[in-house]
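Single-structure report; data block below.
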Amino acid sequence: MTKKFFLLFFLILFVGILFRTYKVTEIPPGVNRDEASIGYTAYSILMTGKDEYGKGYPISFQSFGDWKLPLYIYATIPVIKLFGLNEFAVRIISILVGIGSIILTYFLVKELFGKKSLALLTMFLVAVAPWHIHLSRVESEANTAVLFIIAGVLLFLKSFGKHKWLLIPSGALFALTYYTYAGNYIFTTLLVGSLIILYRKKLLSHKYVLWSGIIFIILSLLIFSQTVFGANKTKLSGIGIFGDPSVVHAQIEIPRNQHQNPSSFFVRIVHNRVIFAGKRFVQNYLNAFSPDFLFIKGGINKAHNIEGFGNMYLIESLFLLVGFIVLITKKRSAEETILLIWFLIAPFASSITKDAPHTNRMFAIFPVLSLVVAIGIQTAWIYIQNFRFKKLFLLCFILVLGINLASYVDQYFVHFPKNETENWGLEYKNLYTVLQQKYEDKHIIISRPTYSPYIFLLFYSGYDPKLYPKTAKKYPITTDGFVHVAGYDRYEFKDINWKEDIKKPNTIIVANPIEVPDFISTDSYKKSSIMLPNGLPMFILIETP
């Protein structure tokens, strides 16, 4: 690197680190549900060698019934040992891999195109990407898998040069994505298959292809035995397109019954699961590239997006289109074909689920998304070189990008922690503090068991993992495979029966304000509130007579 490129590289890296570390224990405000689960599970393994179900050193964790994969959990154990059970401990791995992805993006793009300028531009776009920033500031298995994919592809390409042995760690890295994030069961498989097809001639004569393949297959089969072929097939059925029985009823059964002969061959051909799944997949796939998802609102999961902001900056929209047109219209090398395939298969995992488009499941598109934008910017810059107003174009681009960046910084670091705390764990932390300080000897009833309040209390209390399996009570597993906790120790989680529960002695009822009936709102009951930063109550605490 020249001195100029060296300085730019580390300036971009510094910006990326700053975005991912500034007030990271405060913003997002408290852990989300998955962070609390992964943190407490890692804590339980550390203290007892078992998860919350009492299973010793598993490689597939039942958790809420979503069957979490093992890599992030086990990686978090030594961090909790050093720093305790807190926000920093569950986020630091994601922060580090996010920073690592920024660095590796430069080297991957340089390997693909041999252009330092394009590599630096892509590196910068990843460093400031809203999508990448947010998922690097929270626990994210998808973010971790992205690092493994970038490293795997980079080593794969480099193995055809002097260092052929790099194909072995490349195979291992691809396999490790199966231990990291469920969406990669589809994405990694398709990507590795594409690499094998495109580079089949080189691979046939590669001296390390056998060893790489053996390692990849052994590691993959080990985790598949506990996941794809094991109990957490329930997860796939729960989040899949057919995971909501009401949708199946509305989209297949009702239309069938509107025909005079619902059992006829024609009706069964037109209204069936295969046709419905195909239509829904196409809709979900196209929505993954919709302006609404990419630039306006993002996904519907509040843990993955902030209100009023999409996954990308608005200014990137035009250059994303230009870059994509360039990719599909030009004569492509094998490396550029891989880039296009990577871009196109990224939405597949999200598209087969009922809540698509999904920000986390679509994250495999990084860093290629930023690279396509960078290609668009580079193409536009080359095109205007002969125009008189090229400096004005550059100035306008920098100005609009600066406004986009400033808007995101304002939204994320100022308004997000004030207006969206109810979607995070901070007020559960405050709730636990109040319950311990004022009501230590009382029975606690908390509403909305499907929101998993138990995991926030376990996380913020550091409840003894040896005691939890002995006192925990669970509801029957739901039709889509999820597990909700009914209680542990002095805590009970249920839909509140106000007429009966208010009569229970020595009890505190914790409810959402909209759940509290009018007769409870009178002055005859002692009440207090846990307030959100925006001044609204999140919890109402009612002391029974």
Side-chain angles (χ1 to χ4, degrees), residues 32-41 44-45 50-56 58-73 139-142 145 178-187 223-253 273 276-277 280-281 284 299-304 348-362 448-456 458 468-469 472-488 493-495:
N32 62 42
R33 187 169 74 160
D34 284 326
E35 287 182 303
S37 176
I38 282 179
Y40 189 77
T41 300
S44 181
I45 295 288
K50 299 177 181 179
D51 68 359
E52 65 179 272
Y53 290 85
K55 187 176 180 181
I59 60 172
S60 183
F61 295 84
Q62 187 172 359
S63 187
F64 309 120
D66 55 349
W67 294 96
K68 290 179 170 57
L69 292 170
L71 194 142
Y72 201 104
I73 291 173
E139 167 278 319
S140 175
E141 299 108 313
Y178 295 140
Y179 290 74
T180 308
Y181 188 60
N184 283 82
Y185 283 33
I186 295 174
F187 176 79
I223 189 65
F224 288 170
S225 68
Q226 299 296 311
T227 54
V228 176
F229 309 128
N232 68 345
K233 288 184 291 186
T234 308
K235 175 176 181 174
L236 299 177
S237 62
I239 66 172
I241 288 173
F242 299 111
D244 187 349
S246 65
V247 173
V248 176
H249 178 70
Q251 298 295 326
I252 300 176
E253 294 172 4
R273 285 176 170 258
F276 169 71
R280 181 55 58 90
F281 176 85
N284 289 345
I300 61 174
N301 191 315
K302 297 295 185 180
H304 304 146
F348 277 29
S350 174
S351 298
I352 64 170
T353 62
K354 62 185 179 183
D355 52 355
H358 194 282
T359 297
N360 214 32
R361 296 180 196 131
M362 175 79 174
R448 298 185 172 185
T450 57
Y451 284 53
S452 304
Y454 84 97
I455 198 63
F456 293 101
L458 289 175
Y468 176 72
K473 299 176 182 177
K474 297 179 176 69
Y475 290 102
I477 296 176
T478 65
T479 55
D480 51 1
F482 287 96
V483 180
H484 301 299
V485 172
Y488 75 92
F493 308 100
K494 57 176 290 188
D495 294 324

Original post:
Atom OH in Tyr185, atom OG1 in Thr180: separation rounded to 0.5 Å?
Top reply: 9.0 Å

Original post:
With side chains defined as the heavy atoms from C-beta onward, is the minimum distance between Val485 and Pro449 less than 4.5 Å?
Top reply: no

Subject >> Stepwise side-chain contact (heavy atoms from CB on, under 4.5 Å) test for Ile477 and Val483 >> reply: CA-CA 5 Å; Ile477 296 176; Val483 180; 4.0 Å; yes

Original post:
Considering only heavy atoms from C-beta outward, does the side chain of Asn301 approach that of Thr359 to under 4.5 Å?
Top reply: no

**OP:** Taking the side chain as every heavy atom from C-beta outward, state whether Phe493 and Lys473 have any atom pair closer than 4.5 Å.
**Re:** no

Subject >> Stepwise side-chain hydrogen bond (donor to acceptor under 3.5 Å, both in side chains) check, Glu52 with Tyr488 >> reply: CA-CA 12 Å; Glu52 65 179 272; Tyr488 75 92; over 6 Å; no

Original post:
In terms of the angle between their ring planes, are Phe224 and Tyr178 parallel, tilted or perpendicular, with boundaries placed at 30° and 60°?
Top reply: tilted

Original post:
Can you name the closest pair of heavy atoms from Glu139 and Glu35 and give their distance?
Top reply: N-OE2, 3.0 Å

**OP:** Would you kindly check if the NZ (Lys) or CZ (Arg) of Lys474 is within the cone defined by 45 degrees around the ring axis of Tyr53 and under 6.0 Å from the six-membered ring centre?
**Re:** yes

Original post:
Looking at OG1 of Thr227 and OH of Tyr179, how far apart are the two atoms once the value is rounded to the nearest 0.5 Å?
Top reply: 9.0 Å

**OP:** Measure the spacing between OG of Ser37 and CD of Gln62 and express it to the nearest 0.5 Å.
**Re:** 11.0 Å

**OP:** Heavy atoms only: give me the nearest Tyr468-Tyr40 pair and the separation to one decimal.
**Re:** CB-OH, 3.9 Å

Subject >> Nearest heavy-atom neighbours spanning Ala349 and Ile186 >> reply: CA-CD1, 3.9 Å

Original post:
Which atom names give the shortest non-hydrogen contact between Pro70 and Phe61, and what distance separates them?
Top reply: CA-CE1, 3.8 Å

Original post:
What's the spacing between Tyr475 OH and Lys494 NZ if we round to 0.5 Å?
Top reply: 7.0 Å

Original post:
Any side-chain heavy-atom pair from Asp34 and Glu141 closer than 4.5 angstrom?
Top reply: no

Original post:
Ile38 versus Ile73: any side-chain heavy-atom pair under 4.5 Å?
Top reply: yes

Original post:
Given side chains that start at C-beta, do those of Asn284 and Thr353 come closer than 4.5 Å, heavy atoms only?
Top reply: no

**OP:** To the nearest 0.5 Å, tell me how far Arg361 CZ sits from Asp355 CG.
**Re:** 4.5 Å

Original post:
Do you know the tightest heavy-atom contact between Ile223 and Ile59?
Top reply: CD1-O, 3.5 Å

**OP:** Please examine the side chains of Asn360 and Tyr181, heavy atoms only from C-beta on, and report whether any two atoms are closer than 4.5 Å.
**Re:** yes

**OP:** Please tell me if the side chains of Asp66 and Phe482 come closer than 4.5 Å, counting only heavy atoms from C-beta onward.
**Re:** yes

**OP:** Rounded to the nearest 0.5 Å, what's the gap from OG on Ser63 to CZ on Arg33? Could you check?
**Re:** 8.0 Å

Original post:
Taking all non-hydrogen atoms of both residues, which atom of Ala356 and which atom of Ser350 are closest, and how far apart?
Top reply: CB-O, 3.1 Å

